[in-house]
Amino acid sequence: MSLLADLVNLDLSDSSEKIIAEYIWVGGSGMDMRSKARTLSGPVTDPSKLPKWNYDGSSTGQAPGQDSEVILYPQAIFKDPFRRGNNILVMCDAYTPAGEPIPTNKRHAAAEIFANPDVVAEVPWYGIEQEYTLLQKDVNWPLGWPIGGYPGPQGPYYCGIGADKSFGRDIVDAHYKACLYAGINISGINGEVMPGQWEFQVGPSVGISASDEVWIARYILERITEIAGVVVSFDPKPIPGDWNGAGAHTNYSTKSMREEGGYEIIKKAIEKLGLRHKEHISAYGEGNERRLTGHHETADINTFLWGVANRGASIRVGRDTEKEGKGYFEDRRPASNMDPYIVTSMIAETTLLWNP
Amino acid sequence: MAQILAASPTCQMRVPKHSSVIASSKLWSSVVLKQKKQSNNKVRGFRVLALQSDNSTVNRVETLLNLDTKPYTDRIIAEYIWIGGSGIDLRSKSRTIEKPVEDPSELPKWNYDGSSTGQAPGEDSEVILYPQAIFRDPFRGGNNILVICDTWTPAGEPIPTNKRAKAAEIFSNKKVTNEVPWFGIEQEYTLLQQNVKWPLGWPVGAFPGPQGPYYCGVGADKIWGRDISDAHYKACLYAGINISGTNGEVMPGQWEFQVGPSVGIDAGDHVWCARYLLERITEQAGVVLTLDPKPIEGDWNGAGCHTNYSTKSMREEGGFEVIKKAILNLSLRHKEHISAYGEGNERRLTGKHETASIDQFSWGVANRGCSIRVGRDTEAKGKGYLEDRRPASNMDPYIVTSLLAETTLLWEPTLEAEALAAQKLSLNV
């Protein structure tokens, strides 16, 4: 036992300059994460200094067998909380050998939107509230729930403590510190309304970095649940019935919204979002119709509704924002399995680049 | 199996080296988990594979939990804690703060979804958290903190379940601050086995031998859950809570800890934070905490929260007379106090099992069957404190402490009522 632990935790800095870089990308389903590691000759802090790499796209549903190479372009670097030392995690996106983004690469289009001068000038901030559910391995029933039965109804579990109310806190706390270590802008965590369900928040981050951070945070979470022998699910409605779904509420503001008179800008932005409700909803995550029912603190999927402090609305504006006349708003529609590249860039596009 | 890792991770991480089972304060959680599991918890909890597996993989979740982030970032994690809609359920969530803070006033107000805790309607759900007291976080270590908060509407009014606000007003009244009220609170609690909700150590479907051997007992047949009590003691000391002692109680599986002497509103803050730490620890141990005042019907003790109280005048020469006057006032407001001393107290205050009957007000020196007990020391020295034995274990310390201060320092009975009561209680004041 001790030998394996010592090896995994070997500090290489005494014996070698070399570091290990774990290249991470999003697979063919748009939600599965993949990674593999390579050795680099020395520490690197700038993604542009990292070599491009490639992988077998035919094994991830992203390329045909006879032309299977997909190229990885490194885009963001984070410290590796599992290997520590100078070792790194690298968030990548995927391209054909000819240099075109492959169809499942949603980062490329988002990066273009975030590079648009009109968007850059408004310094868009995002705070993303990622909800997720922990499931027992093999049975895929939520952690802490009796097999073949249900726990007591929702009420005591939100932010709850105690062995009969909180299931899986060690995973959540380990994830919090691992993300802080990695350099992710994790701003908080809490136990959610359904038992076995949790949430972490990333932000406020600017432009595309918000999405890079959310993807890496999801990667770190799934690596931790792997160690803990528990399954993480980002399904938006893991248990049908009188149990909350899981969302990824996206808080958003631009420079103008954060300054004097910002509340008017916010209201205009919400109006525009209302006119593109269908486009947004179709991009906000698969299976969202099982979650957005109008119950369980959601707005019905076909309805666009906004309100101050109203958790049953599509868009919620905080009381602080209303009072101060400036601030941000919360888009409550995205499902927990949304792609942050798509959602963040679409909100920026609709509110800053699109006109009805 | 109670061993943790055979070797601690080397080099990078400042994980304290541990050579024995009862390890450093940061790793006691795993120890408690191993020793206290009464039933097969595979369904409920999750096993970190490393501790169970045969091929000896490393326990990396624990390493991450104990990660010392100080070398990498100034940021700290603040766990905001508040009381939920039932008045006894504790809730918490955490946020990142840019750098370490000393004073609650440096922390931002926050908010939460009151509709999920029975404290606000869905269409107007924001409840605001005002940070009131800071303690060190014994689970996360480093500069991370726990923050006791109370709850307000966005308009700046305390919500109905916020009992701290009114207590804070009473404790800032000049007549009260001049008297420097001290409180020592004896929190009793019962540990239950998970799933069956039967006390820890009791045979399921049956009873242990009658009370007698368990109070402050020693031995596997008499004391159940000591690790939780001991872990809690150190966690509270670490956190900065004014914990003054612990003991095993008369009913097996029942324990007590004492917080104090604390001044004014601090007593309430410290007791609530101690309760939070206790339930977090039982969560890790796979055991259920109950603050019910009479968890098992019949010839088994209930659980109380005796509140010891003194003012400056009581602690000085001639204090015993001041104490007797205070008892007089309390006797005339017995009903008001009892109704605020915890739900379900009538099942506990029966007149048996070291309690006074709920309808009767009585006092005595060294008498545990009274509503108010005065210690022999106090009588002998002519100064000291009194013990109000009426509060139930599920009382709200903000309410009880401020009500004691109010009745004894701010309220005055009519002269006739006072004279009658003095006679009835044989109090020559």
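Values reported hereafter were calculated over all heavy atoms of this structure, with side chains retained and with hydrogens, waters and symmetry mates removed. In what follows, chains are A, B, ... by sequence order, proteins preceding strands, each numbered from 1.
Residues A:Cys159 and B:Trp82 are in side-chain contact: their nearest non-hydrogen atoms beyond the backbone lie under 4.5 Å apart. Here the side chains of B:Arg275 and A:Ile161 are not in contact, with every heavy-atom distance at 4.5 Å or above.
The line from OG of B:Ser115 to CD of A:Glu297 is 4.5 Å long, rounded to the nearest 0.5 Å. Rounded to the nearest 0.5 angstrom, B:Leu64 CG and A:His175 NE2 are separated by 10.0 Å. Here the straight-line distance linking atom CZ of B:Phe139 with atom CG of A:Asp173 works out to 9.5 Å at 0.5 Å rounding. The distance from the OG1 atom of B:Thr73 to the CG atom of A:Leu180 is 6.5 Å, given to the nearest 0.5 Å. Taking NZ of A:Lys177 as the reference point, atom OH of B:Tyr72 lies at 12.0 Å (rounded to 0.5 Å).
Dense packing is recorded around CH2 of B:Trp198, with more than 12 heavy atoms of other residues, nucleotides or ligands lying under 6.0 Å away.
For B:Leu289, no part sits under 4.5 Å from any heavy atom of chain A, backbone or side chain. Heavy atoms closer than 4.5 Å to chain B are found nowhere in A:Phe200, neither backbone nor side chain. Heavy-atom distances place no part of A:Val139 under 4.5 Å from chain B, backbone and side chain included.
Across B:Ser92, B:Gly85, B:Pro154, the residue that shares the most heavy-atom pairs under 4.5 angstrom with chain A is B:Ser92. Of the listed residues B:Thr117, B:Ile128, B:Ile77, the one with more heavy-atom pairs under 4.5 angstrom with chain A than any other is B:Ile77. Per-residue heavy-atom pair counts under 4.5 Å with chain B were compared for A:Gly307, A:Ser166, A:Ala313, and the maximum is reached by A:Ser166. Considering only heavy-atom pairs separated by less than 4.5 Å from chain A, the leading option among B:Leu278, B:Asp113, B:Leu90 is B:Asp113. Contacts with chain A were tallied for B:Asp124, B:Asn144, B:Val288; B:Asp124 has the most, counting heavy-atom pairs under 4.5 Å.
The backbone N or O of A:Tyr158 lies less than 3.5 Å from no partner atom in the side chain of B:Lys93, so there is not a single donor-acceptor pair. Judged purely by atom type and a 3.5 angstrom limit, B:Thr69 has no side-chain atom pairing as donor or acceptor with the backbone of A:Tyr181. Between the side chain of B:Glu126 and the backbone N or O of A:Gly318, no donor-acceptor pair lies under 3.5 Å. At least one donor-acceptor pair closer than 3.5 Å links the side chain of A:Tyr176 to the backbone N or O of B:Thr96.
Partners of B:Asp150 according to the salt bridge (charged side-chain N to carboxylate O under 4.0 Å, His left out) rule, which considers only residues two or more places apart in sequence or in another chain, do not exist here. A:Glu22 is linked by a salt bridge (charged side-chain N to carboxylate O under 4.0 Å, His left out) to A:Arg83, counting only residues two or more places apart in sequence or in another chain. Judged as a salt bridge (charged side-chain N to carboxylate O under 4.0 Å, His left out), and not counting sequence neighbours, A:Lys79 has no contacts.
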(request) Check the pair B:Asn111, A:Asp320 against side chain to side chain contact (heavy atoms under 4.5 Å, CB included), reporting the backbone distance first and the verdict last. (result) CA-CA 10 Å; B:Asn111 65 74; A:Asp320 268 354; 5.5 Å; no
(message) B:Gln284 vs A:Arg169, test: side chain to side chain contact (heavy atoms under 4.5 Å, CB included). Steps then yes/no.
(response) CA-CA 9 Å; B:Gln284 289 174 288; A:Arg169 188 187 298 275; over 6 Å; no
(message) Assess the residue pair B:Glu283 and A:Asp164 against the criterion (side chain to side chain contact (heavy atoms under 4.5 Å, CB included)); give the C-alpha distance rounded to whole Å, side-chain angles, the decisive distance to 0.1 Å, and a yes or no.
(response) CA-CA 7 Å; B:Glu283 176 189 307; A:Asp164 49 345; over 6 Å; no
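Residues from residues 182-194 of chain A that place a non-hydrogen atom less than 4.5 Å from a non-hydrogen atom of chain B comprise A:Ile184, A:Asn185, A:Ile186, A:Ser187, A:Gly188, A:Ile189, A:Asn190, A:Val193, given in numerical order.
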